[in-house]
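Chain naming here is simple, since letters A, B, ... match the order of the sequence lines and numbering starts at 1 in each.
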Protein chains: 2
Amino acid sequence: MRLSTKGRYAVMALVDLASKSKDKPIALADIATRQEISLSYLEQLFAKLRRGGVVRSVRGPGGGYMLAMPPTQLRIADVIMAVDEPIRATRCSPGSPQGCMNNKVRCITHDLWEELGNQIYLYLSSVTIEDVITGRVLGTSGLVHRQTQSERLAAQ
Amino acid sequence: MRLSTKGRYAVMALVDLASKSKDKPIALADIATRQEISLSYLEQLFAKLRRGGVVRSVRGPGGGYMLAMPPTQLRIADVIMAVDEPIRATRCSPGSPQGCMNNKVRCITHDLWEELGNQIYLYLSSVTIEDVITGRVLGTSGLVHRQTQSERLAAQ
DNA sequence: TAAAATCCGACTATTCTGATTGGTTTTCTT
DNA sequence: AAGAAAACCAATCAGAATAGTCGGATTTTA
């Protein structure tokens with residue numbers, strides 16, 4: 001699971017699309033204006049979203065894009081994965097299973113990034129486009145230090 | 001909380017440092033060789049780590065770097081925050097409180113990225129350098145879909 | 001047929017990363 | 001005191017990724 005501004009732009013655009021669409025396609029030009037994203041850049045993002053099965057397109061005048069599924073079923077994680085290239089091969093990073101071989105031995109931080117990737121994926125697949133629109137996004141977390149892994153294990 | 005390869009290199013280097021150090025400083029040249037990171041790049045990272053209070057330095061022959069605190073108390077989140085520039089001002093992103101003002105109104109995805117940032121921070125501050133060394137990193141998560149926020153709220 | 005829109009490929013400017021170079025300072029060892 | 005080992009420092013650079021631009025081609029509606 002890779003995080004980048006590209007994914008954030010895609011989510012912004014889809015939230016805009018979902019909140020404006022009522023069974024009729026929305027033109028990218030409208031989204032570009034409202035969200036202040038360049039039209040051509042949006043076209044590139046939506047090409048990926050279409051190939052990833054996130055949106056459907058209607059060509060010709062009056063055309064545009066629609067969500068391929070109801071916003072209650074479209075998870076943010078699906079959006080991110082559709083637009084972000086899956087891996088980058090530079091050393092160990094969340095989502096690069098092989099890139100961290102250092103003298104044939106898996107680098108010592110591999111499991112950490114792997115698990116971080118899981119945590120991010122879990123959170124982003126617990127939030128749908130609809131959740132973002134209706135503001136059901138905040139967890140109970142807050143910004144406090146938690147138990148460390150050692151402390152958690154020691155407490156058992 | 002920004003995630004980048006810079007932070008991952010820093011964690012790799014600090015894990016190496018902590019696992020080799022026994023109260024004596026370790027030269028960056030040694031870490032550079034073992035972890036296959038360029039010495040000069042490591043110098044830049046450790047300059048930030050020192051300014052951030054993560055490591056202490058000893059100059060002169062036989063010198064090097066030591067952790068500023070025991071590895072059981074050094075959280076991964078502290079390392080990442082020391083080396084990664086805090087914000088990037090382009091639009092709404094986790095950790096940019098102000099950058100997403102679109103016509104004076106907070107962008108609709110703001111809370112999502114904010115909460116994602118919290119989730120990442122929470123996980124990375126639940127893991128210490130010592131945890132990474134001893135492999136206490138894996139959660140109970142696994143790669144499954146969770147309840148969506150709506151489903152969770154509806155179940156109450 | 002004209003216009004609206006998606007679709008497509010190539011190109012550009014900017015930023016970030018990781019690395020390089022060429023030093024300087026400090027401090028230990030001899 | 002001399003030499004060397006190391007941290008320190010600043011400027012620069014090549015490559016990749018990001019964000020955007022341009023000029024069209026294709027589809028479809030009106």
In whole angstrom, give the distance that lies between atom [atom1] of [X] and atom [atom2] of [N].
X: A:Glu43; N: D:dG20; atom1: CD; atom2: C1'; result: 12 Å
X: B:Glu36; N: C:dA19; atom1: CD; atom2: C1'; result: 15 Å
X: B:Phe46; N: D:dA6; atom1: CZ; atom2: P; result: 15 Å
X: B:Lys48; N: D:dC9; atom1: NZ; atom2: C1'; result: 14 Å
X: B:Ile37; N: C:dG18; atom1: CD1; atom2: C1'; result: 10 Å
X: B:Arg50; N: C:dT26; atom1: CZ; atom2: C1'; result: 13 Å
X: A:Ile26; N: C:dT6; atom1: CD1; atom2: P; result: 11 Å
X: A:Leu3; N: D:dA17; atom1: CG; atom2: C1'; result: 15 Å

Does B:Ser4 put a side-chain nitrogen or oxygen below 4.0 Å from OP1 or OP2 of C:dC16?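 Answer no for this pair, as no side-chain N or O of B:Ser4 is under 4.0 Å from OP1 or OP2.
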Need to verify one output field. Residue with the more 5' nearest nucleotide on DNA chain D, A:Gly60 or A:Leu39? A:Leu39
Both A:Gln44 and A:Gly62 contact DNA chain D. Which one's nearest nucleotide lies toward the 5' end?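 Upstream on the strand: A:Gln44.
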For the side chain of [X], starting at C-beta, report the closest nucleotide among [options].
X: A:Thr5; options: D:dC8, D:dT18, C:dT17; value: D:dT18
X: A:Ser38; options: C:dA3, D:dC8, D:dG20; value: D:dG20
X: A:Ser40; options: C:dT6, D:dA6, D:dT21; value: D:dT21
X: B:Pro61; options: C:dA3, C:dG18, C:dT27; value: C:dT27
X: B:Tyr41; options: C:dG18, D:dA7, C:dT6; value: C:dG18
X: B:Tyr65; options: D:dC8, D:dT18, C:dT21; value: D:dC8
X: A:Tyr9; options: C:dG18, D:dC8, D:dA19; value: D:dA19

Ignoring hydrogens and angles, tell me if any N or O in the side chain of B:Thr109 forms a donor-acceptor pair with the backbone of B:Leu112 under 3.5 Å. no
Keeping A:Thr5 on the side-chain end and A:Arg8 on the backbone end, is there a donor-acceptor pair under 3.5 Å?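 Absent.
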Under 3.5 Å, sequence neighbours excluded: what are the donor-acceptor pairs made by side chains of residues 127-137 of chain B?
unit_1	atom_1	unit_2	atom_2	d
B:Thr128	OG1	B:Glu130	N	3.4
B:Thr128	OG1	B:Asp131	N	3.0
B:Thr128	OG1	B:Asp131	OD2	3.1
B:Asp131	OD1	A:Ser150	N	3.3
B:Asp131	OD1	A:Ser150	OG	2.3
B:Asp131	OD2	A:Gln149	N	3.4
B:Asp131	OD2	B:Thr128	N	2.9
B:Thr134	OG1	B:Glu130	O	3.0
B:Thr134	OG1	B:Asp131	O	3.4

Distance-only donor-acceptor test (3.5 Å): side chain B:Arg59, base C:dT25: yes
Atom of B:Pro71, atom of B:Ala18 and distance for their closest heavy-atom approach: CB-CB, 4.3 Å
Going by an N to O cut-off under 4.0 Å, is there a salt bridge joining A:Asp84 and A:Lys6? no
